[in-house]
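Since this is a predicted model, take the numbers as computed values, not measurements. Proteins get letters first, then strands, A, B, ... in listed order; numbering begins at 1 in each.
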Amino acid sequence: MLDPKYVREHEAEVRQALENCRSKVDLSLYLDLERRRRDLMVSVDKRKARLNQASEEMGRMKKEGKDISQYQSKLKELSDEIKQMDGEIAAVEKDFRDVELQVCNLPHPSVPVGGEEANQEVRRVGEPKQFDFKPKTHDELGVGLGILDFEKAAKISGARFFTLWNLGAKLERALVNFMLDHHASKGYQELVVPHLVAYESMEMSGQFPKFIEQAFAVEKDNLYLIPTAEVSLANLHRGETLPAGSLPKKYAAFSPCYRREAGSYGKDTKGLIRLHQFNKVELFQFVEPEKSMEALEALTADAEDILKKLGLPYRVVALATGDKSFASTKTYDLEVWLPSQNTYREISSCSNCTDFQARRGGIKFKREGGGKPELVHTLNGSGLAVGRTWLAILENYQKADGSVEIPEVLRPYLGGQTVISRP
RNA sequence: GGAGAGAUGGCAGAGUGGUCGAAUGCGUCUGACUCGAAAUCAGAUUUACGCGCAAGCGUAACGGGGGUUCGAAUCCCUCUCUCUCCGCCA
């Protein structure tokens with residue numbers, strides 16, 4: 001959500017920004033509704049002031065034992081008029097909010113303008129390994145090693161689910177522990193958070209109403225499955241004013257993520273790339289506004305550390321205005337090298353959401369020297385998507401015989417195991 | 001799932017229809033006293049929105065929503081959450 005006052009006063013700039021973001025929102029409608037809301041408020045407030053004054057007067061008269069019945073019908077009229085106008089305001093406010101919730105965050109000036117094709121590679125780290133054999137895909141490897149099975153999952157749940165077995169399952173668990181331990185060392189507090197959340201939580205983080213079709217819903221209980229732990233972490237301080245000195249707050253949480261992937265039926269049908277349920281370690285920060293851009297660099301670096309330590313080649317991409325996420329002012333994607341696809345694939349997305357989520361959720365903080373509470377800035381990033389890390393390890397560490405070497409940093413988490421091979 | 005109790009400002013805690021945005025205490029801030037501090041005294045101390053160049057003014061908010069009334073923190077309905085007891089349960 002944007003500051004309506006800012007939008008009103010910077011119409012041209014906002015219009016351009018929304019166009020750059022491929023937003024279909026009708027800004028004129030937004031401004032018109034905002035104007036009408038204020039006009040109505042001014043006139044109803046005047047009437048309320050009159051009514052309040054009169055009611056006070058009535059109280060005084062009654063105390064003095066005077067008869068007030070003659071005024072009551074007159075005031076009843078005024079009161080009814082106010083009620084009717086309040087109804088109108090509520091209707092306009094609802095319309096305004098419906099539009100307002102469709103407006104994405106404005107992109108930072110440093111964000112390249114354009115669609116996906118305008119995404120900018122910022123840096124590459126690590127050299128893709130040259131194989132002297134044709135590298136297999138991770139599902140060939142995983143299924144071959146007996147540590148990955150989709151057929152069982154299909155029987156249990158349907159398409160886009162998976163099962164991991166033995167060292168495959170242990171590798172997943174090792175990755176989660178390794179990631180969380182690393183982030184703890186960087187000052188993140190570790191949390192376990194709800195996976196089923198209320199509508200308001202999804203709305204606050206920016207998922208709803210725009211992406212409601214992408215969420216699994218437990219309709220009977222009015223709950224939604226989180227598509228990322230970002231949702232729960234973002235809502236941790238909803239409606240709070242954080243005391244001076246409490247920022248930055250850095251949180252890390254492991255959770256499964258549930259996504260309907262509606263409309264992606266043809267895409268990534270094989271393997272672990274695109275699933276209805278996958279595991280992820282999520283990073284989240286609440287920071288002071290002037291520090292959020294710098295925090296985005298730091299948070300991205302924290303996620304990159306995992307890839308570096310695992311020895312996985314990757315690149316960092318600054319997403320263009322039309323490709324960045326809805327709530328974000330700037331997003332870096334981390335893309336890991338996949339030999340079987342001979343390309344880089346997204347494994348993490350790190351965003352600065354500025355005050356966009358904070359405004360929706362009413363999350364403020366106080367500064368040391370006093371002063372009015374201000375909205376915080378929020379950031380989130382995957383650190384990392386565990387399933388995609390799992391598959392990247394299989395592909396990048398595979399050997400000609402179909403076995404997979406275990407990256408050094410993970411061995412302590414796997415009882416010293418150095419390789420996954422056919423039993 | 002059943003029975004009951006409760007939700008008020010940063011915290012504690014009054015307030016059951018009429019100058020209540022809300023007593024009092026604590027906390028916090030400012031000033032006085034002091035070499036300084038403590039203690040004491042005086043004052044201040046919510047937020048959002050709107051109008052205004054500004055000083056300021058207006059409106060709203062006592063868990064959320066709705067209702068009764070000229071007027072609601074106070075009465076009625078409803079939802080949510082918290083607590084206690086019973087049942088069930090990993």
Ring-face cation contact, A:Tyr188 with A:Lys250, 6.0 Å cut, 45° max: yes
Listed partners of A:Lys83 passing side-chain hydrogen bond (donor to acceptor under 3.5 Å, both in side chains), at least two apart: none
Interatomic distance at P, B:G4 relative to B:A44, whole Å: 47 Å
Close residues, residues 32-46 of chain A, relative to RNA chain B [heavy-atom separation under 4.0 Å]: A:Arg38, A:Met41, A:Val42, A:Asp45
Pairing annotation in dot-bracket form, given for RNA chain B with Watson-Crick or G-U pairs under 3.5 Å and | for cross-strand partners: ((((((((.[[[..)..(.....]]]((((((.......))))))((((((....)))))).[[[[[..)....]]]]])))))))....
Side-chain H-bond candidate by donor/acceptor type, A:Ser349 with A:Asp333, under 3.5 Å: yes
Touch class at under 4.0 angstrom, heavy-atom based, for A:Lys62 against every strand present: base
Rounded P spacing from B:C62 to B:C11 in Å: 16 Å
Partner set under salt bridge (charged side-chain N to carboxylate O under 4.0 Å, His left out) for A:Glu405, not counting sequence neighbours: A:Arg411
Distance-only donor-acceptor hits, side chain of residues 222-229 of chain A, under 3.5 Å, sequence neighbours excluded:
from	atom 1	to	atom 2	distance (Å)
A:Thr228	OG1	A:Glu230	N	2.9
A:Thr228	OG1	A:Lys280	NZ	2.8

Residue whose nearest RNA chain B nucleotide is more 5′ - A:Gly59 or A:Asp3: A:Gly59
Side-chain polar contacts of residues 149-157 of chain A - donor-acceptor pairs under 3.5 angstrom, sequence neighbours left out - could you list them?
from	atom 1	to	atom 2	distance (Å)
A:Asp149	OD1	A:Glu151	N	2.7
A:Asp149	OD1	A:Lys152	N	2.7

Salt bridge (charged side-chain N to carboxylate O under 4.0 Å, His left out) involving A:Asp80 - partner list, sequence neighbours excluded: A:Lys76
For A:Glu213, side-chain hydrogen bond (donor to acceptor under 3.5 Å, both in side chains) partners two or more places apart: A:Arg260
Heavy atoms of other groups near A:Tyr199 OH, more than 12 under 6.0 Å: yes
All pairs passing salt bridge (charged side-chain N to carboxylate O under 4.0 Å, His left out) where residues 169-192 of chain A contributes a residue, at least two apart: A:Lys186-A:Asp305
Span of RNA chain B in contact with chain A (heavy atoms, under 4.0 Å): B:G18 to B:G71
Separation between the C1' atoms of B:U16 and B:G71, rounded to whole Å: 15 Å
Sugar-phosphate only, base, or nothing, as touched by A:Leu78 at under 4.0 Å among non-hydrogen atoms: nothing
B:A72 and B:G65, which share atom name C1', separated by this distance in whole Å: 15 Å
Any residue meeting salt bridge (charged side-chain N to carboxylate O under 4.0 Å, His left out) with A:Asp95, in chain and number order, not counting sequence neighbours: none
Sugar-phosphate, base or nothing in reach of A:Pro243, heavy atoms under 4.0 Å: nothing
Pairwise C1' distance for B:U8 and B:A61, with rounding to whole Å: 12 Å
Whole-Å C1' distance, B:C88 and B:G2: 11 Å
Interatomic distance at P, B:G66 relative to B:U74, whole Å: 14 Å
Nearest-nucleotide comparison on RNA chain B, the residue closer to the 5′ end among A:Gln72 and A:Ala49: A:Ala49
Whole-Å P distance, B:C76 and B:U69: 16 Å
Sugar-phosphate only, base, or nothing, as touched by A:Ala54 at under 4.0 Å among non-hydrogen atoms: nothing
Set of residues satisfying salt bridge (charged side-chain N to carboxylate O under 4.0 Å, His left out) with respect to A:Glu374, sequence neighbours excluded: A:Arg367
